[in-house]
Peer 1: 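Starting off with a structure, shown below.
Quick note: numbers below take in every heavy atom, side chains included, and nothing from hydrogens, waters or symmetry partners. Counting convention: from 1, in listed order, for ligands and their atoms alike.
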Amino acid sequence: MDQSDVGTDLEKILLSEEDLGKKLDEMAAKIDEDYAGRDLLLVGVLKGAVMVMADLSRRLHHPITMDWMAVSSYGSGTKSSGVVRILKDLDSDLSGRNVLIVEDIIDSGLTLSWLVSNLRSRGPASVEIAAMLRKPDAAQTDVDVKYLGYDIPNEFVVGYGLDYAENYRNLPFVATLAPHVYSG
Ligand code: PRP
């Protein structure tokens with residue numbers, strides 16, 4: 001899927017496929033270096049993280065295992081509340097494992113903040129975060145991200161796993177959505 005497939009739905013491309021690929025190369029190189037000689041479990045947070053997980057994991061030389069969680073934030077509309085419900089839990093036992101949570105975006109930070117403390121309570125050796133995008137102006141809590149792609153403005157973005165009403169996840173870049181799409 002590309003820009004030509006979505007008509008006038010997009011306003012501006014913020015990060016091209018090349019921008020994302022370049023950052024993924026850097027993130028993967030650091031992860032390879034940091035986890036050398038250590039076990040590594042990548043935990044993807046459905047559904048947005050599928051693209052980052054697929055592209056980041058394939059760049060790693062380090063052997064990994066992969067697991068997935070699905071969580072849902074209680075609250076109204078698109079806003080996180082920080083109260084999180086597990087829709088699908090991990091299949092893996094985290095005891096003694098080095099866990100790297102893989103996310104598409106940190107918005108308020110409430111989901112990851114909850115997730116980190118939830119996973120830390122399961123006895124892992126370590127829990128760190130890799131996220132492609134972060135909106136510093138939307139932060140409601142501090143999240144310690146070890147591997148970050150890009151800081152972006154606090155605008156409605158889609159593509160590369162990010163959706164609006166479940167659409168646009170398969171755009172290969174990150175773009176802002178044209179207001180006519182979400183204002184009806
Ligand atoms: C997005 C994103 C994070 C979360 C970040 O997921 O993938 O999990 O929101 O928001 P926060 O920092 O404000 O907590 P979403 O709930 O939209 O689900 P999805 O991944 O299935 O699209």
Peer 1: Could you check whether Lys23 makes a cation-pi contact with Tyr150, meaning its NZ or CZ is under 6.0 Å from the centre of the six-membered ring and within 45° of the ring axis?
Peer 2: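 Yes, Lys23 sits over the ring of Tyr150.
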Peer 1: Show which atoms of ligand 1 fall inside a sub-4.0 Å distance from at least one heavy-atom site of Leu46.
Peer 2: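 Once the distances to Leu46 are compared, the set is 20 (O), 21 (O).
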Peer 1: For ligand 1, which part of Glu103 has a heavy atom less than 4.0 Å away: the side chain, the backbone, both, or neither?
Peer 2: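 Under 4.0 Å from ligand 1, Glu103 contributes side-chain atoms alone.
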Peer 1: With respect to atom 1 (C) of ligand 1, which of Ile105, Val50, Ile101 exhibits the smallest heavy-atom separation?
Peer 2: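 Answer by nearest heavy atom: Ile105.
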Peer 1: If you take the nearest heavy atom of each of Asp104, Val71, Val45, which one is closest to atom 2 (C) of ligand 1?
Peer 2: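 The nearest heavy atom belongs to Asp104.
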Peer 1: Looking only at atom types and distance, does a side-chain atom of Asp32 sit under 3.5 Å from a main-chain N or O of His62, one as donor and one as acceptor?
Peer 2: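 Yes; judged by distance alone, with no hydrogens or angles, the pair exists.
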Peer 1: In Å and rounded to the nearest 0.5 Å, what is the CD1 to CG distance from Ile64 to Leu42?
Peer 2: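 If I round to the nearest 0.5 Å, the distance is 4.0 Å.
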Peer 1: Relative to the heavy atoms of Thr111, which atoms of ligand 1 are at a distance of less than 4.0 Å?
Peer 2: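 Atoms satisfying the 4.0 Å criterion: 4 (C), 8 (O), 10 (O), 11 (P), 14 (O).
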Peer 1: Hydrophobic clusters here meaning ILVMFWY residues chained together by side-chain heavy-atom distances under 4.5 Å, can you tell me if Met69 and Val102 are in one?
Peer 2: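 No, no single cluster joins them.
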Peer 1: Does the distance from a Lys or Arg side-chain N to an Asp or Glu carboxylate O, for Lys47 and Glu166, drop under 4.0 Å?
Peer 2: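 Yes, Lys47 and Glu166 are salt-bridged.
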Peer 1: With a cut-off of 6.0 Å (strictly less than), are more than 12 heavy atoms of other residues, nucleotides or ligands near CG of Asp89?
Peer 2: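 Atom CG in Asp89 is crowded, with more than 12 foreign heavy atoms closer than 6.0 Å.
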Peer 1: Any idea which atoms of ligand 1 are less than 4.0 Å away from a heavy-atom of Gly48?
Peer 2: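 So the atoms of ligand 1 that pass are 19 (P), 20 (O).
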Peer 1: Just which atoms of ligand 1 are under 4.0 Å from any heavy atom in Gly109?
Peer 2: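 Those qualifying, in numeric order: 11 (P), 12 (O), 13 (O).
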